[in-house]
Visitor: 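Next up is a structure, given as structure tokens.
Since the model is a prediction, treat every value here as computed from it, not as a measurement.
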Amino acid sequence: MMFRIGIISDTHGLLRPEAERGLTGVHHIIHAGDIGRPEIVDALRRIAPVTAIRGNVDSGEWAREYPDTNLVRLAGKSIYVLHDLKTLKADLRAGIDVIVSGHSHVPKIDTVGGVLYLNPGSAGRRRFKLPITVATLEITHEGMRPEIHDLGGD
């Protein structure tokens, strides 16, 4: 059996149709912060259940329902979600399979000490010359397969 997670970050109030299409068919969505406005999570929930955290631009009454970090267990894997990887406390890595972060707008997949680090990049407004991206993480009995998807766009 395969479990597919869609990972998105730094929408900054903009949910592109390309991002929605890129997440279609996933079993769960993780938003790694800088949501921008509550309607973004509402729209994502129409695709799949959502785990979302608050980023540094998420302020106001609506953002209070989202934690700064979250530890979620999906398809037998422990996934720790935080916005800025630089704020990760070293003692949190024990027992974690995946660390999802955002903030930098730079998509990245890395494995350090057996832990998968995944930053989906930014799916919102283009910043500098960085790509517009989301990520998926497929979990099967053989292991995990992360992938960055470039959405193109302006």
Visitor: Would you sort out whether Ile99 and Val115 count as a side-chain contact (heavy atoms from CB on, under 4.5 Å), showing the intermediate values?
Guide: CA-CA 7 Å; Ile99 295 176; Val115 178; 3.9 Å; yes
Visitor: Which is it for Val41 and Trp62 under the side-chain contact (heavy atoms from CB on, under 4.5 Å) test, yes or no, and what are the steps along the way?
Guide: CA-CA 11 Å; Val41 176; Trp62 70 269; 5.8 Å; no
Visitor: One pair to check against side-chain contact (heavy atoms from CB on, under 4.5 Å): Arg16 and Leu14. What are the steps and the verdict?
Guide: CA-CA 6 Å; Arg16 297 167 177 269; Leu14 172 65; 4.1 Å; yes
Visitor: How many angstroms lie between atom CD1 of Ile30 and atom CG of Leu23, to the nearest 0.5 angstrom?
Guide: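 Between atom CD1 of Ile30 and atom CG of Leu23 there are 11.5 Å.
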Visitor: With a 4.5 Å cut-off on side-chain heavy atoms, are Ile53 and Tyr66 touching?
Guide: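 When only atoms from C-beta onward are counted, Ile53 and Tyr66 do not touch, as no gap falls below 4.5 Å.
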Visitor: Can you tell me how far apart CG (Leu85) and OG (Ser104) are? Round to the nearest 0.5 Å.
Guide: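 Spacing of CG (Leu85) from OG (Ser104) equals 8.5 Å.
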Visitor: State whether the side chain of Arg54 and the backbone N or O of Pro67 hold a donor-acceptor pair below 3.5 Å, judged by distance alone.
Guide: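 Not confirmed, Arg54 side chain does not pair with Pro67 backbone.
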Visitor: To the nearest 0.5 Å, what is the distance between CG (Leu44) and CD (Glu39)?
Guide: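 One finds 12.0 Å between CG of Leu44 and CD of Glu39.
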Visitor: Are the side chain of Asp10 and the backbone N or O of His103 linked by a donor-acceptor pair below 3.5 Å?
Guide: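 Judged by distance alone, yes, a pair lies under 3.5 Å.
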Visitor: Ignoring hydrogens and geometry beyond distance, is a side-chain donor-acceptor pair present between Asp34 and His83 at under 3.5 Å?
Guide: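 Side chains of Asp34 and His83: pair found under 3.5 Å.
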Visitor: Distance from Arg73 atom CZ to Ile79 atom CD1, nearest 0.5 Å?
Guide: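 If I round to the nearest 0.5 Å, the distance is 9.5 Å.
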Visitor: Run through Val100, Leu74, Val72 and flag the one making a side chain to side chain contact (heavy atoms under 4.5 Å, CB included) with Thr51.
Guide: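 One option only clears the test, and that one is Val72.
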Visitor: Run the side-chain contact (heavy atoms from CB on, under 4.5 Å) test on Thr136 and Ile7 for me, step by step, so that the C-alpha distance in whole Å, both residues' side-chain angles and the decisive distance to 0.1 Å come before the verdict.
Guide: CA-CA 6 Å; Thr136 53; Ile7 304 169; over 6 Å; no
Visitor: Hydrophobic cluster membership, with links at side-chain heavy-atom distances under 4.5 Å among I/L/V/M/F/W/Y: are Met144 and Ile5 in one?
Guide: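 Both belong to a single hydrophobic cluster.
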Visitor: Side chains of Ile29 and Ile47: closer than 4.5 Å at any heavy-atom pair?
Guide: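 Sidechains of Ile47 and Ile29: in contact.
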Visitor: Does anything in residues 10-54 pair up under ring pair (Phe, Tyr, Trp, His ring centres under 6.0 Å), and if so which pairs, sequence neighbours excluded?
Guide: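 For residues 10-54: Phe3-His27, His12-His105.
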Visitor: Given side chains that start at C-beta, do those of Leu15 and Glu20 come closer than 4.5 Å, heavy atoms only?
Guide: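 The answer is yes, as the side chains (C-beta and beyond) meet within the 4.5 Å cut-off.
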Visitor: For the CG atom of Leu118 and the CD1 atom of Ile109, what is their distance to the nearest 0.5 Å?
Guide: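 Answer rounded to 0.5 Å: 5.0 Å.
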Visitor: So, does Asp58 use its side chain to make a donor-acceptor pair with the main chain of Ala63 at under 3.5 Å?
Guide: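 It does not hold such a pair.
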Visitor: Asn119 side chain to Gly102 main-chain N or O, any donor-acceptor pair under 3.5 Å?
Guide: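 Flag set: sc Asn119 to bb Gly102 pair under 3.5 Å.
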Visitor: Tell me yes or no: between the side chains of Asp84 and Ser101, is some donor less than 3.5 Å from an acceptor?
Guide: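 No, no side-chain donor-acceptor pair sits under 3.5 Å.
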Visitor: When you measure from the side chain of Ser9 to the backbone N and O of Pro120, does any donor-acceptor pair fall under 3.5 Å?
Guide: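 Pair absent, no side-chain N/O of Ser9 close to backbone of Pro120.
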Visitor: For the CZ atom on Arg145, are there more than 12 heavy atoms of other groups (residues, nucleotides or ligands in this structure) within a distance under 6.0 Å?
Guide: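 No, not enclosed.
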